[in-house]
Undergrad: 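One structure coming up, written as structure tokens, with questions to follow.
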Amino acid sequence: AVFHEMQGIPKTIKLLSYRVGFVGDSNDLEEMPPSTEIANNPLTLNLGYVRHIFEIEADGEKFRVSVDGSDTKLLRF
């Protein structure tokens with residue numbers, strides 16, 4: 001999603017945060033507070049019930065990405 005948004009491969013990329021969102025949690029990327037947390041992987045049994053939320057810095061630009069199965073949302077902030 002980040003590569004697509006930037007229309008190419010960035011020269012630098014850094015994972016700032018990884019966390020999971022659960023069914024019932026807000027899916028609004030703008031409402032989510034910034035995070036520096038790198039959470040543990042969810043249990044395999046729970047993978048169908050979580051959204052993966054990444055905060056990424058690429059070439060100095062920051063992105064928040066939500067991945068839920070094949071559904072991906074991106075916010076540049």
Side-chain angles (χ1 to χ4, degrees):
V2 172
F3 294 178
H4 179 72
E5 178 73 15
M6 295 185 77
Q7 300 177 345
I9 299 172
K11 291 182 171 123
T12 62
I13 190 163
K14 180 179 177 182
L15 177 65
L16 303 174
S17 172
Y18 168 73
R19 53 192 156 164
V20 294
F22 296 94
V23 173
D25 289 352
S26 174
N27 196 22
D28 187 343
L29 293 177
E30 291 184 35
E31 285 182 1
M32 294 177 187
S35 174
T36 57
E37 170 189 13
I38 304 291
N40 292 326
N41 296 337
L43 297 173
T44 302
L45 177 67
N46 296 334
L47 286 177
Y49 305 99
V50 299
R51 278 188 327 280
H52 304 275
I53 302 163
F54 302 89
E55 290 188 17
I56 297 167
E57 183 177 311
D59 287 348
E61 296 185 59
K62 292 184 180 180
F63 301 88
R64 184 172 297 137
V65 181
S66 172
V67 179
D68 185 358
S70 62
D71 182 32
T72 304
K73 296 181 180 178
L74 179 135
L75 172 71
R76 188 186 296 235
F77 66 102

Undergrad: In the single-linkage hydrophobic clustering (I, L, V, M, F, W, Y; side-chain heavy atoms under 4.5 Å), do M6 and L29 co-cluster?
TA: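 No; L29 is not reachable from M6 via cluster members.
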
Undergrad: Do L45 and V50 sit in one hydrophobic cluster, given that two such residues count as connected whenever their side-chain heavy atoms are within less than 4.5 Å of each other, even indirectly?
TA: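 In one cluster with L45: V50, no.
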
Undergrad: Taking CG in D28 as the centre, count heavy atoms belonging to other residues, nucleotides or ligands within less than 6.0 Å. Is the count above 12?
TA: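 More than 12 within 6.0 Å, yes.
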
Undergrad: Apply side-chain contact (heavy atoms from CB on, under 4.5 Å) to the pair D25 and R51, showing each step before the final yes or no.
TA: CA-CA 9 Å; D25 289 352; R51 278 188 327 280; 4.0 Å; yes

Undergrad: Rounded to the nearest 0.5 Å, what separation is found between the CG atom of L16 and the CD1 atom of I38?
TA: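 It is 7.5 Å, given to the nearest 0.5 Å.
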
Undergrad: Using modelled atom types and a 3.5 Å cut-off, is there a donor and acceptor pairing between side-chain atoms of T12 and backbone atoms of D59?
TA: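 Yes, because the side chain of T12 sits within donor-acceptor range (under 3.5 Å) of the backbone of D59.
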
Undergrad: Only one of K14, R19, R76 clears salt bridge (charged side-chain N to carboxylate O under 4.0 Å, His left out) with E55; which?
TA: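 The salt bridge (charged side-chain N to carboxylate O under 4.0 Å, His left out) with E55 is passed solely by R19 among K14, R19, R76.
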
Undergrad: Under 4.0 Å between a Lys/Arg side-chain N and an Asp/Glu carboxylate O for E30 and R64?
TA: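 No, E30 and R64 are not salt-bridged.
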
Undergrad: Does the side chain of L47 reach to within under 4.5 Å of the side chain of H52, using non-hydrogen atoms?
TA: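 SC-SC contact between L47 and H52 confirmed.
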
Undergrad: Under the 3.5 angstrom rule, does the side chain of T72 hit a backbone N or O of V67 as a donor-acceptor pair?
TA: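 The answer is no, because no donor-acceptor pair under 3.5 Å joins these two groups.
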
Undergrad: Set out, in order, the CA-CA distance, both residues' side-chain angles and the distance that settles side-chain contact (heavy atoms from CB on, under 4.5 Å) for H4 and L74, then state yes or no.
TA: CA-CA 10 Å; H4 179 72; L74 179 135; over 6 Å; no

Undergrad: Can you find a pair of side-chain heavy atoms, one from M32 and one from L75, that are under 4.5 Å apart?
TA: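 No. Closest side-chain heavy atoms not under 4.5 Å.
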
Undergrad: What's the spacing between F3 CZ and I13 CD1 if we round to 0.5 Å?
TA: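 F3 atom CZ to I13 atom CD1 measures 4.5 Å (nearest 0.5 Å).
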
Undergrad: Rounded to the nearest 0.5 Å, what's the gap from CD on E61 to CZ on F77? Could you check?
TA: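 If I round to the nearest 0.5 Å, the distance is 11.5 Å.
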
Undergrad: When rounded to the nearest 0.5 angstrom, what is the spacing between CD1 in I56 and CG in L15?
TA: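 These two atoms lie 6.5 Å from each other.
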
Undergrad: Please work out which of the three classes, parallel, tilted or perpendicular, describes the rings of Y18 and F54, given edges at 30° and 60°.
TA: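 Rings of F54 and Y18: tilted, 30 to 60°.
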
Undergrad: Give, for atom OG of S66 and atom CG of D71, the distance between the pair rounded to the nearest 0.5 Å.
TA: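 The OG atom of S66 sits 7.0 Å away from the CG atom of D71.
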
